[in-house]
Amino acid sequence: MSSRTLRRRLHHGDIDGKSRERLETSGLDSLSEPLLADDDYIEHKRISTLEDIWDDENKKAQIHWTFLFSNLIAQWAQWFATIVLGSGSLIGRLLSLHSNAINGQNNRMLPPSLSPLQEERLGNLRQRLEVPFDGSKMEHQDALKQLWKLAYPDKQLPSLKSELWKEMGWQGSDPSTDFRGGGFISLENLIFFAMKYPESFQRLLNKQDGQRAEWEYPFAVAGINISFMLTQMLDLKAGYPSSLSGICFLQLLEDDEMAFDNLFCVTFQMMDAQWLAKRATYMEFNDVLKSTRMELELELAHEGISSVKDLPAYNLLR
C-alpha cells in the first residue's frame, strides 16, 4: 500500500442544533507524531535520562550479585554432593546436575571473555554504528540511490528531494530528515535486506502479505526504527553487552560477520507478522515494535542458538 495512504479523522460539530461527523483526510507527510523522536521529544525526555542510567547501573549490579550468590550455592552443592553424599548416590547426582544448570545459566547472563574474532567484529560493528547519515556526502547519496534501484528496478531514479520517495515509506520528500538516531547503518541494513532477501523485501515494501490496515506503517522509516531498536536491545554501544540478548548476539557475531544485518532482516519480518496478527494501524506501531522486541529476546535466549539461521523466525524469510 502506498505511503500516500490517507489519514482519517472524525470532527464533531454542532450544525443546526444537531451533532454531525465530518471526515477529513491528509497526507502521511503531515503526521505530527513521527516514529522516531524529534528534537523536542528528546529535550522533553532529557530529565529522565539520569534515572534511566541509574536503572541500568542497578540492573548490572543486580546481575553481578546474583552471579556471585548463585555461584556460591553451586559450589556448595558440588561440595555437598561429592563429600557428604558421595558422587555415586542419586541425591549427589541430582545436586551436581542442579549446580551445573546454575553455572550454565550464569555463563549466559554474564559477559564472556571475547575471542579475537568477536573483538574484531564487534569493533567493526561499533564503528558502523557511530556513522550518522549525512546527506551532503556522496557515498550516502549513492547509497540512497542504490536502495531506490533495488526497490524499484523498473522506475526512473528521482532526485534526492522528491515526492516520489514517499512511495518507499519516507515521511517527507527528503529522506535524509528521517534518519535521526538510526544513522547510516540503518540505510545499509535496508540495502542488505533488498540484496540478500529480495523476495521478502519486496513483499514487505509493497505490503503483499495478509489483510493490511488502511493506515499502514511507512516501510523505510519502520526499517530505521528496527535498526535503532536492535542497537539498544543488544547493548551494542556499551563497553561489553550486559543484557542477555546482547551476550547471545556475540555468539551470532562469531558465526557471521553480518549477523546484525541478517538479524535486522529477521526482525523486520517478525514485526510485519506481529503487525498482521494484531491488525494494527500506524498509531500502534510502537506497541508492535515492543512486542517484536520481546519475541526476539525470547528466541535469542533459546538453547542451541549459535547463528541467525537457528532462530525460529528465520524461517519467515523467503
Side-chain angles (χ1 to χ4, degrees), residues 34-38 42 114 117-151 160 165 168-171 174-198 200-201 204-205 217-241 243 245-246 248-250 252-272 285 289 292-293 296-297 300 307-308 311 317:
L35 298 178
L36 284 176
D38 56 20
I42 292 172
L114 302 184
L117 183 60
Q118 286 174 316
E119 287 275 10
E120 178 185 356
R121 290 179 172 178
L122 184 59
N124 292 338
L125 179 55
R126 283 176 176 155
Q127 287 181 4
R128 293 176 62 195
L129 291 169
E130 294 299 322
V131 179
F133 180 84
D134 186 348
S136 65
K137 289 186 176 180
M138 188 62 65
E139 176 188 359
H140 293 196
Q141 294 177 12
D142 290 342
L144 267 177
K145 295 175 182 178
Q146 181 184 8
L147 179 62
W148 178 273
K149 292 176 181 178
L150 290 167
L160 293 175
W165 286 102
M168 192 187 292
W170 302 99
Q171 293 188 98
D174 183 3
S176 65
T177 62
D178 281 333
F179 282 92
R180 297 190 181 97
F184 184 60
I185 194 171
S186 57
L187 179 54
E188 292 179 318
N189 291 154
L190 286 167
I191 292 173
F192 180 89
F193 193 5
M195 295 179 66
K196 185 72 178 290
Y197 308 101
S200 288
F201 178 89
L204 294 184
L205 171 66
Y217 64 85
F219 174 81
V221 178
I224 293 175
N225 276 261
I226 290 171
S227 297
F228 185 76
M229 180 271 285
L230 287 176
T231 301
Q232 290 185 316
M233 186 189 83
L234 301 176
D235 234 359
L236 293 177
K237 292 191 176 182
Y240 285 99
S243 66
S245 296
C248 293
F249 175 72
L250 294 176
L252 308 186
L253 197 60
E254 185 168 30
D255 175 76
D256 177 15
E257 185 175 8
M258 305 304 292
F260 185 82
D261 301 79
N262 277 303
L263 193 60
F264 168 87
C265 302
V266 173
T267 307
F268 209 140
Q269 189 71 67
M270 290 174 69
M271 186 278 294
D272 191 74
F285 178 83
L289 196 61
T292 302
R293 172 172 175 163
L296 181 60
E297 287 174 336
L300 286 171
S307 72
V308 175
L311 295 170
L317 290 173

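Position 1 is the first residue of the sequence, and the numbers go up from there.
The closest donor-acceptor contact from the side chain of His140 to the backbone of Phe133 lies at 3.5 Å or more, if one exists at all. Judged by distance alone, with hydrogens and angles left aside, the side-chain atoms of Asp178 form a donor-acceptor pair with the main-chain N or O of Gln171 at under 3.5 Å. For the pair Arg128 (side chain) and Ile185 (backbone), a donor-acceptor distance under 3.5 Å is absent.
In this structure Asp174 satisfies the side-chain contact (heavy atoms from CB on, under 4.5 Å) test together with Lys161, Ser176, Thr177, sequence neighbours excluded. Under the ring-ring contact (aromatic ring centres under 6.0 Å, His included) criterion, Phe268 pairs with Phe193, Phe219, Phe264, sequence neighbours left out. Applying the side-chain contact (heavy atoms from CB on, under 4.5 Å) test to Glu254 and every residue at least two apart in sequence or in another chain returns Ser115, Leu117, Gln118, Gln251. Contacts of Lys149 classified as side-chain contact (heavy atoms from CB on, under 4.5 Å), with partners at least two apart in sequence or in another chain: Leu157. Under the side chain to side chain donor-acceptor pair (under 3.5 Å) criterion, Glu257 pairs with no residue at all, not counting sequence neighbours.
Closest approach of Met271 and Leu289 over heavy atoms only: CG-CD1, 4.4 Å. In plain terms, the two heavy atoms of Leu234 and Ser243 that are nearest each other are C-OG, 4.3 Å. Heavy-atom minimum distance, Gly169 versus Pro218: O-CB, 3.1 Å.
Going from atom CD of Gln146 over to atom CD of Gln141 covers 14.0 Å, rounded to the nearest 0.5 Å. Remark: Asp255 CG to Leu250 CG distance equals 13.0 Å, nearest 0.5 Å. A distance of 7.0 Å separates CE of Met168 from CG of Leu205, quoted to the nearest 0.5 Å. In this structure, Leu147 CG and Ile191 CD1 are separated by 5.5 Å, a value rounded to the nearest 0.5 Å. We find the CD-CG distance between Glu119 and Asn124 to be 11.0 Å, quoted to the nearest 0.5 Å. Interatomic distance, CG of Leu253 versus OG of Ser307, reported as 12.5 Å (0.5 Å rounding).
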Exercise for review: Please test Arg121 against Leu125 for side-chain contact (heavy atoms from CB on, under 4.5 Å), starting from the C-alpha separation and ending with a verdict.
Suggested key: CA-CA 6 Å; Arg121 290 179 172 178; Leu125 179 55; over 6 Å; no

Point to revise | Phe184/Lys137 under side-chain contact (heavy atoms from CB on, under 4.5 Å): CA gap, chis, key distance, verdict | key: CA-CA 11 Å; Phe184 184 60; Lys137 289 186 176 180; over 6 Å; no

Exercise for review: Report the C-alpha separation of Asn225 and Tyr217 in whole Å, then their side-chain angles, then the decisive distance to 0.1 Å, and conclude whether the side-chain hydrogen bond (donor to acceptor under 3.5 Å, both in side chains) test is met.
Suggested key: CA-CA 11 Å; Asn225 276 261; Tyr217 64 85; over 6 Å; no

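Between Trp165 and Trp148, some side-chain heavy-atom pair lies under the 4.5 Å cut-off. Side-chain contact between Pro241 and Phe249 is absent, with no heavy-atom pair separated by less than 4.5 Å. Put simply, the side chain of Leu122 reaches to within 4.5 Å of the side chain of Arg126, judged on heavy atoms. Counting only heavy atoms from C-beta outward, the side chains of Val308 and Met258 never approach each other to under 4.5 Å. In this structure, the side chains of Leu263 and Leu311 come closer than 4.5 Å at one or more pairs of heavy atoms. Within the 4.5 Å cutoff, the side chain of Cys265 has heavy atoms near those of the Phe192 side chain. Two residues are said to be in side-chain contact when any heavy atoms from C-beta on lie closer than 4.5 Å; Trp170 and Leu144 meet this criterion.
Checked for salt-bridge contact, Arg293 and Glu297 meet the test: a charged N lies under 4.0 Å from a carboxylate O.
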Tell me which donor-acceptor pairs under 3.5 Å the side chains of residues 226-233 have, and how far apart each pair is, sequence neighbours excluded?
residue : atom : partner : partner atom : Å
Ser227  : OG   : Asn189  : OD1          : 2.7
Ser227  : OG   : Gly223  : O            : 3.3
Thr231  : OG1  : Ser227  : O            : 3.0

